[in-house]
Amino acid sequence: MNDPKQRFLLMLALGLTFLLVMQYMFPPPPPAAAPEVQHTDRPMVPQTAPGAIAPDVPAEARQFNPEEDYLVTVTVGPEGRNAHGYQATFSTVGGGMANYQLLGYYRVPMDYSPENRMILLDRLAQGRDSLRIDTVTYGATRQELRTTSMREARYELVEIPSFATVTPEPENVRQGDSLVFRTVVGDWEVLRTYRFPAEGAGADFTITSDIEWRNLADGNRLLSYSLVGPAGMLADDDSPNFGAINFMSARQPSPASEGVEIKRKVIADLTKATNMADRDNRGQLAWVGTKNRFFTTLMTTSASSLTDSNGATRMLFPGSPSLIPDAKDIRDNLKNQPHVTTSVGEVAAFPEISLTVEPGTIAPGETYSGRYLLYAGPAVDAYMAMADERLGGVVSYTVSYFDFISRWLVQLLTFFDGILGNYGLAIIAVTIIIKLILHPLNRKSFISMNRMSSLAPMMKEIQKKYANDRAKMQQEMNKFYKDHGVSMAGGCLPIFIQLPIFFALYGAFSQGFSMRHAAFLAPWIKDLSKPDSIYDLGTQIPLLGSSHISLLPILYFVLQYIQMSLQPKPNDPQQAQQQKIMKIMPLMFVFIFYSMPAGLVLYFTVSALCGVAENWHMRKAVLPKLGLGGTPAATEAAATSAAAGKGAAQIPSEAGKKKRKR
């Protein structure tokens, strides 16, 4: 494949393949319509209720309707850059979590003010809190089952942590280590207990939620309830390529599987999503959750909650004007969140994922208890494993074939960052290492292409001589290549080897949490996980889809053009014209790289710079030693002499040199 025409077609095919792969990695969301609340027809499984784990609460049932709606704000852990603390706000209306923000991570790079803290979960509409009990279905028999909404159920505030603040300040509420809510709905007394990790306990970014259902009726009652996990997760990135939200659910490990079996549904563009619902009916779910680019929120289940459970994912839109976030909410909390236009105006789409639990039959006076764990923090395997070992596999860098390479590259970059103190310098170091590893292949390819250029007249003579016998022509050409040490695959092999490296690097820079907000030569590159910018025009540039002027893709184009100019010039006019066209091919990568992470483009820019130096060195130091150097006139004279039958001795091959040494 050293023929320029073949290389041109190969580059064109690779470019089209890349675009198709990008389309596959970021597909448009398929439309799906389903009712928001569904009831499963699977038979309920009886289960012995475990013992109560609630604090001391009066046993007699009484309806409680508080006069005030209390907001309880709990601050856990330290704050400051990269600290593992969080702040969560709970409401007595619905008994869920209205807001969750991290104290050590920020939305905009290089701004460490409290106003810029990363908000992972937020109440985007009334009654849409995380960790709320959405609905409860119960009855004496299946024929008598009825479903009651608990989105805005009023809870009594029984206990608050000593480190929490409550607005407005309550009266006669005891203080302790946990947050406890209580309510009565139908035949059930419901206790909700939230527990928070102690600092240094090894379970950062977690909240434990206990739910108790006590049967107040005189007879047996069937029970099923829908518990919402993360709701209202915001996108971490407002760019078109990285603003996706992932819905995920994982089935409990089976003897036939090494880990949990994860099901993913990606909403690539919230602005194009419609009211939709999707269910995971596999049962025995270990966890459900959502993920944006660098953060994830997952709710795991305990063994008692696994008996019969499935998950439902929903992309919800406020359905009435009273549910629309006001302008201040959108401006303050949804600065970069996509919006959609509905019949009631422009509002924010937001995702939520729930778990349906069916304990079965509960006897009179008996209690069913379920324990759940929320992890809401960075999508880092080590952090999630500390919370629950079943959370492995959440981070997927790229397609499975190259995922392990991405993980290895992330570890290598982190290693060099620890030595050099900057991820940009680490990228340069890794680039040089990869170029050194690939140098023998590049050297062989470069020599082969130069030798092919010099031998072109002799190849034409063979093709002309055996024009009517293609089998004989192919046989003589193969012999010719072998005699002169020319490899047909030599020019393509470095390209094919770098393809998996490209996909692995793309995954490392687009999903590797350590790349987030990593600066290099700031204020030019403030974030290696986003495209670089030297100036914002304030208006979108046609075809590029950005208002920023990015320098790295332009530098890459210039360096790649110079590198291709150092390639050997063919003697054939048609091939020379094709080579000129090939020089324009790097322009295609300007459009591709313009929306890519700056870290990835930095790698290819440094790689192109190394390629220029490598080609220049080989032209000046390597080719003359092989008799392939010199002026174009000398090269043409040598080629003409070779065509006359004298060139074999004048154009030594690697194979010929080895024979002479022996």
Do any N or O atoms from the side chain of Asp532 and from the backbone of Ala598 form a donor-acceptor pair under 3.5 angstrom? no
Would you find a donor on one side and an acceptor on the other, under 3.5 Å apart, between the side chain of Tyr112 and the backbone of Arg117? no
Please report the C-alpha distance between Lys291 and Gln511 in whole Å, then the side-chain angles of each, then the deciding distance to 0.1 Å, and finally whether the side chain to side chain donor-acceptor pair (under 3.5 Å) criterion is met. CA-CA 11 Å; Lys291 180 183 179 299; Gln511 298 295 325; 3.2 Å; yes
For Asp381, all residues meeting salt bridge (Lys or Arg N to Asp or Glu O under 4.0 Å), sequence neighbours excluded: Arg407
Donor-acceptor contact below 3.5 Å, side chain Asp417 vs main chain Ile419: no
Could you tell me whether a side-chain N or O of Trp287 sits under 3.5 Å from a main-chain N or O of Ser249, the two making a donor and an acceptor? no
In terms of heavy-atom contacts, does CH2 of Trp524 have more than 12 from other residues, nucleotides or ligands at under 6.0 Å? yes
Let me see the working for Thr414 and Ser514 under side chain to side chain contact (heavy atoms under 4.5 Å, CB included), right down to the final yes or no. CA-CA 8 Å; Thr414 302; Ser514 54; 4.1 Å; yes
For the residue pair Phe402 and Pro500, what are the closest heavy atoms and their distance? CE2-CB, 3.4 Å
Given side chains that start at C-beta, do those of Met515 and Leu413 come closer than 4.5 Å, heavy atoms only? yes
Please round to the nearest 0.5 Å and tell me the distance separating atom CD1 of Ile437 and atom CD1 of Ile501. 8.0 Å
Side chain to side chain contact (heavy atoms under 4.5 Å, CB included) between Phe509 and Val601: does it pass, once the steps are laid out? CA-CA 10 Å; Phe509 291 121; Val601 188; over 6 Å; no
Of all heavy-atom pairs linking Asp536 and Gly538, the shortest is OD1-N, 3.0 Å
Indicate yes or no: at least one non-hydrogen side-chain atom of Met596 is less than 4.5 angstrom from one of Ile592. yes
Quick one: do Glu461 and Lys465 make a salt bridge, cutoff under 4.0 Å? no
Rounded to the nearest 0.5 Å, what separates atom CG in Leu528 from atom CD1 in Ile427? 4.5 Å
Any idea which heavy atoms bring Asp527 and His517 closest together, and the distance? OD1-N, 2.9 Å
What are the two closest non-hydrogen atoms of Ala508 and Val410, and how far apart are they? CB-CG2, 3.7 Å
If you take the centroid of each ring, where Trp contributes its six-membered ring, are Phe295 and Phe513 closer together than 6.0 Å? yes
Could you check if a side-chain atom of Tyr397 sits within less than 4.5 angstrom of a side-chain atom of Val395, using non-hydrogen atoms only? yes
Distance (rounded to the nearest 0.5 Å) between Asn615 CG and Leu623 CG: 9.5 Å
Over 12 foreign heavy atoms within 6.0 Å of CG, Asn468: no
Under a 3.5 Å distance rule, please check whether Tyr594 uses its side chain to pair with a backbone N or O of Ser550 as donor and acceptor. yes
For Ala519, is there any backbone N or O sitting under 3.5 Å from a side-chain donor or acceptor partner on Asn422? yes
Gap separating the CG atom of Leu102 from the CG atom of Leu120, nearest 0.5 angstrom: 4.5 Å
Can you find a heavy atom in the side chain of Met248 that is under 4.5 Å from one in the side chain of Thr290? no
Just how far is it from atom CG of Leu587 to atom CD of Gln560, taken to the nearest 0.5 Å? 12.0 Å
Take Phe604 and Phe502, measure what ring-ring contact (aromatic ring centres under 6.0 Å, His included) needs, and give me the verdict at the end. CA-CA 9 Å; Phe604 280 98; Phe502 171 81; 5.4 Å; yes
Indicate the atoms forming the closest heavy-atom contact of Ala621 with Pro624, along with that distance. C-CD, 3.9 Å
Side chains of His548 and Leu537: closer than 4.5 Å at any heavy-atom pair? no
Got Phe294 and Arg516 here, is their nearest side-chain heavy-atom distance under 4.5 Å? yes
Across all chains, not counting sequence neighbours, the side chain to side chain contact (heavy atoms under 4.5 Å, CB included) partners of His84 are Tyr105, Asp204, Phe205, Tyr383
Worked verdict on Glu614 versus His617 for side chain to side chain contact (heavy atoms under 4.5 Å, CB included): CA-CA 5 Å; Glu614 185 180 37; His617 168 73; 5.9 Å; no
If you round to the nearest 0.5 Å, how far is CD1 of Ile428 from CZ of Phe416? 12.5 Å
Do the side chains of Val558 and Ile562 get nearer than 4.5 Å, heavy atoms only? yes
Closest non-hydrogen atom pair between Gly507 and Ser406, with its separation: CA-OG, 4.1 Å
Looking only at the aromatic ring of each residue, does the gap between the centers of Phe589 and Phe557 stay below 6.0 angstrom? no
Thr539 side-chain N/O to Ser547 backbone N/O, donor-acceptor pair under 3.5 Å: no
Is there a side-chain contact between Thr296 and Met384, using heavy atoms and a 4.5 Å cut-off? yes
Hey, is the main chain of Asp111 close enough, under 3.5 Å, to the side chain of Asn116 for a donor-acceptor pair? yes
Between Ser607 and Thr431, is any side-chain donor less than 3.5 angstrom from a side-chain acceptor? no
Assess the residue pair Tyr423 and Phe520 against the criterion (ring-ring contact (aromatic ring centres under 6.0 Å, His included)); give the C-alpha distance rounded to whole Å, side-chain angles, the decisive distance to 0.1 Å, and a yes or no. CA-CA 7 Å; Tyr423 269 101; Phe520 177 62; over 10 Å; no
